[in-house]
Amino acid sequence: MLKGKTAIVTGSTSGIGLGIARKLAAAGADIMLNGFGDAAEIEAERQAIEADFGVKALYSAADMSKPDQIAAMVASAAQAFGAVDILVNNAGIQHTALVENFPAERWETIIAINLSAVFYGTQAVLPGMKARNWGRIINIASAHGLVASAQKAAYVAAKHGVVGLTKVVALETAESGITCNAICPGWVLTPLVQKQIDALAERENITVAEAQVKLLSEKQPSRQFTTPDQLGDLAVFLCSEAAGNIKGASLPVDGGWTAQ
Ligand code: NAD
């Protein structure tokens, strides 16, 4: 379905981003991976995508907290592939603390990676998408883009910002063949969430397995983690023609979290 299309997935060396990158590749898209990590492991993932799906896969080490590196990543993908048809703004980090204890440096970095990078990436891909009158911008927000939790000031502010920015971009491209939507996952078992499970286990002196059940029970009525594969399949659907008139939506995939 996506043969001949090209996609950048930010933060795709791990977790949700990697799941989405592999699903887009399985649908036929050439992929630019991005994110941090062990160079040999990233190269193995890149080669696996090419071998498993017969597409071209590239890697950019661009730091999403740096606007000039975001622009350079988009330019290099456009040059290598000829175009950037799909941008998945996924890179994100977390830090938990009460507002009065929240380190200013963590606030600035989370806003830069989780929110401002979405703006800069979108700004860089839109001219090409407009010229070709086709594009898909998929922002990985969060249930925390729709509701809040204590101790997540920067993350919740950034994700609410992403939901708002998604609507603006959808309106500005409404009459074109471009769509911009947000996916709002609840808990997904990735390294980002494993850290929070480990911290909960330590704080409450319970096992990691008990902490996992507790974390799910507090927020996610299904008591099941959403999987990166499920999010990848939703991203592929959003790239389809069937989804061509879904514009500015924020789609919860949260086991009922935000239905409460
Ligand atoms: P993860 O920690 O597994 O992956 C994060 C990715 O972002 C990694 O590839 C990492 O290298 C990359 N990254 C971090 N800082 C970067 C930077 N400065 N520049 C470039 N890449 C950078 O986390 P995840 O759980 O897969 O999260 C992915 C996205 O999904 C995030 O935006 C997160 O907020 C969102 N999300 C996650 C959950 C969840 O439960 N895991 C729920 C809702 C939303």
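First listed ligand is number 1; within each ligand, the first listed atom is number 1. These figures come from a predicted structure and were not determined experimentally.
Considering Ile31, Ile49, Leu33 in turn, Leu33 is the only one that fulfils the side-chain contact (heavy atoms from CB on, under 4.5 Å) rule with Tyr59. Exactly one residue among Ile16, Val188, Ile183 makes a side-chain contact (heavy atoms from CB on, under 4.5 Å) with Thr226. That residue is Val188.
Hydrophobic clustering of Ile, Leu, Val, Met, Phe, Trp and Tyr side chains at less than 4.5 Å, counting indirect connections, unites Met129 with Met73. In the hydrophobic cluster analysis, where Ile, Leu, Val, Met, Phe, Trp and Tyr join through side-chain heavy atoms closer than 4.5 angstrom, Val163 is grouped apart from Tyr120. Following chains of ILVMFWY side-chain contacts shorter than 4.5 Å, one cannot reach Leu146 starting from Tyr155, and the two form parts of different hydrophobic clusters. Val118 and Leu192 end up in different hydrophobic clusters when Ile, Leu, Val, Met, Phe, Trp and Tyr side chains are linked at under 4.5 Å. Follow the hydrophobic side-chain contacts under 4.5 Å out from Phe36 and you never reach Ile70; the two are in separate clusters.
Close approach of ligand 1 to Val193 is summarised as follows: ligand atoms under 4.0 Å from at least one heavy atom of the residue are 39 (C), 40 (O), 41 (N). The contact set between ligand 1 and Trp187, taken as ligand atoms under 4.0 Å from a residue heavy atom, comprises 40 (O). For ligand 1, the atoms lying closer than 4.0 Å to a non-hydrogen atom of Asp63 are 17 (C), 18 (N), 19 (N). Atoms of ligand 1 found under 4.0 Å from any heavy atom of Asn34 (numbered from 1 in listed order, with element): 20 (C), 21 (N). Listed by atom number, the atoms of ligand 1 under 4.0 Å from Ile113 heavy atoms are 18 (N). Each of the atoms 3 (O), 26 (O) of ligand 1 lies under 4.0 Å from some heavy atom of Gly15. Proximity to Gly35 (heavy-atom distance under 4.0 Å) selects the following atoms of ligand 1: 11 (O), 21 (N). Less than 4.0 angstrom separates some heavy atom of Ile140 from each of these atoms of ligand 1: 30 (O), 32 (O), 35 (C).
The protein heavy-atom contact nearest to atom 32 (O) of ligand 1 is Asn90 O, 2.7 Å. Given atom 13 (N) of ligand 1, the protein heavy atom at minimum distance is Ala91 CB, 4.2 Å. Counting only heavy atoms of the protein, atom 6 (C) of ligand 1 lies nearest to Gly11 O, 3.4 Å. Among all protein heavy atoms, the one lying closest to atom 9 (O) of ligand 1 is Thr13 OG1, 2.7 Å. Nearest protein neighbour of atom 34 (O) of ligand 1, counting heavy atoms only, is Tyr155 OH, 2.5 Å. Regarding atom 5 (C) of ligand 1, its nearest protein heavy-atom neighbour is Gly92 O, 3.9 Å. Of the protein's non-hydrogen atoms, the one nearest atom 19 (N) of ligand 1 is Met64 N, 2.8 Å. Scanning the protein heavy atoms around atom 37 (C) of ligand 1, the nearest turns out to be Ile16 CD1, 3.4 Å.
For CG of Asn205, the number of neighbouring non-hydrogen atoms (other residues, nucleotides, ligands) closer than 6.0 Å is 12 at most. Residue Lys167 qualifies as open at atom NZ: its count of foreign heavy atoms under 6.0 Å is 12 or below. Crowding of Arg132 atom CZ: a count of heavy atoms from other residues, nucleotides or ligands under 6.0 Å exceeding 12.
Of all the listed residues (Val162, Leu192, Asn139), Leu192 holds the heavy atom that lies closest to atom 27 (O) of ligand 1. Closest heavy-atom approach to atom 24 (P) of ligand 1 among the candidates Val88, Val188, Thr190: Thr190.
Ligand 1 has no atom lying under 4.0 Å from any heavy atom of Ala143. For the ligand labelled ligand 1, residue Pro228 lies outside the 4.0 Å heavy-atom shell. The shortest separation from a heavy atom of Lys159 to ligand 1 is under 4.0 Å, placing the residue in contact.
Heavy atoms of Ala62 found under 4.0 angstrom from ligand 1 belong exclusively to the backbone. Contact annotation: for Ser12 versus ligand 1, heavy atoms closer than 4.0 Å belong to the backbone alone. The part of Ala141 lying near ligand 1 is the backbone, judged by heavy-atom distances below 4.0 Å. Neither the backbone nor the side chain of Gln94 comes within contact range of ligand 1; no heavy atom lies under 4.0 Å.
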Please assess Leu231 against Ile140 for the test side-chain contact (heavy atoms from CB on, under 4.5 Å), listing each intermediate value before the final yes or no.
-> CA-CA 9 Å; Leu231 298 171; Ile140 306 307; 5.8 Å; no
Can you check salt bridge (charged side-chain N to carboxylate O under 4.0 Å, His left out) on Asp254 and Lys219, steps first, answer last?
-> CA-CA 9 Å; Asp254 65 3; Lys219 299 280 186 189; over 6 Å; no
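In terms of heavy atoms, Met64 sits closest to Thr10 at SD-CG2, 3.8 Å. Between Ser250 and Cys184 the shortest heavy-atom distance is CB-SG, 3.9 Å.
Relative ring orientation between Trp257 and Trp187 is described as tilted, the plane-to-plane angle lying within the 30° to 60° band.
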